[in-house]
Structure formats: structure tokens, C-alpha cells
Amino acid sequence: QVQLVESGGGLVQPGGSLRLSCAASGFAFNTYAMSWYRQAPGKERELVATITRGGTSTSYAASMKGRFTISRDNAKNTVYLQMNSLKPEDTAVYYCNARSPFGKYEYWGQGTQVTVSS
């Protein structure tokens with residue numbers, strides 16, 4: 001059974017940091033590109049960051065670049081999102097996404113809530 005389980009969300013003050021984790025199982029993790037998406041209330045889901053299957057390349061949305069870092073540990077089947085200098089507008093549900101070559105298979109986690117507020 002394919003599973004993507006996010007953790008690490010919670011309440012943090014503006015300017016603070018948080019690290020999200022996504023534990024994967026049930027598929028060939030090291031052959032999938034991994035991404036983080038987020039969705040704020042009343043807004044469409046947006047791409048936050050992506051990392052290639054070997055971890056050799058990363059990409060970020062402009063508003064997150066320089067503050068967020070995506071990484072993966074293929075030995076642990078886990079992808080991370082380190083979030084620094086958090087802003088209230090970062091408040092959203094953050095989702096883990098896995099995509100196989102050519103997009104033949106795609107999986108989503110349940111999401112974890114991140115709230116940035118003083």
C-alpha cells in the first residue's frame with residue numbers, strides 16, 4: 001500500500017523555523033521526483049519545491065527561494081522541507097507529492113497544517 005505521511009507542522013511565530021518530513025512507503029521512492037505543495041484557505045494549491053529522484057537538482061517557487069530548502073534521504077525514504085524566516089502568508093496545509101517518470105504514477109499525502117502567527 002502506497003503511503004505518504006507528513007509530519008512536523010504546527011504553530012510557529014513569524015521569523016521562526018519549521019522542518020516538515022514526509023515518510024514514504026509502498027513504492028520505489030528513489031525513482032520518484034518529490035515535491036511539496038501548499039494550499040491556503042480560499043486559494044488554489046501551489047507548488048512550493050521539487051527535488052529530483054537522486055537529489056541532484058532542486059527548484060523553488062520565487063517566494064520561497066532563499067527561505068525554504070527541500071532535501072531527501074533515499075536510505076530513509078523521506079523527503080524534508082526546511083522552512084526559515086516564516087511569514088504569516090506561509091500559513092497553509094502543506095502536502096507531500098511523489099511523481100514517477102513520465103508522470104505515470106502520482107501520489108499525495110494527507111497534508112500537515114502550518115500556521116505562522118504571533
Atom pair CG/CG of L18 and L11 - distance to nearest 0.5 Å: 9.5 Å
From CG (L20) to CD (Q82), nearest 0.5 Å: 9.0 Å
ring-ring contact (aromatic ring centres under 6.0 Å, His included) partners for F27, two or more places apart: Y32, Y107
Listed partners of S35 passing side chain to side chain donor-acceptor pair (under 3.5 Å), at least two apart: T50
CD (Q39) with more than 12 external heavy atoms under 6.0 Å: yes
Residues which pass side chain to side chain donor-acceptor pair (under 3.5 Å) with S71, listed by chain and number, not counting sequence neighbours: none
Of all pairs that satisfy side-chain hydrogen bond (donor to acceptor under 3.5 Å, both in side chains), the ones with a partner from residues 16-30, not counting sequence neighbours: S17-N84
Please output the side-chain donor-acceptor pairs of residues 55-63 that fall under 3.5 Å, not counting sequence neighbours, one pair per line with the distance.
residue	atom	partner	partner atom	Å
Y60	OH	I70	N	3.0

Pairs where residues 57-88 contributes a residue and the test disulfide (SG to SG under 2.5 Å) is met, not counting sequence neighbours: none
V5: hydrophobic cluster co-members (side-chain, 4.5 Å): none
Inter- and intrachain pairs under salt bridge (charged side-chain N to carboxylate O under 4.0 Å, His left out), touching residues 51-62, at least two apart: none
Set of side chain to side chain donor-acceptor pair (under 3.5 Å) partners for R67, sequence neighbours left out: D90
Residues that N97 engages under side chain to side chain donor-acceptor pair (under 3.5 Å), provided they are two or more places apart: E106
Within residues 63-103 or reaching into it, pairs that qualify as ring pair (Phe, Tyr, Trp, His ring centres under 6.0 Å) - sequence neighbours excluded: none
Contact list for residues 21-118, test disulfide (SG to SG under 2.5 Å), sequence neighbours left out: C22-C96
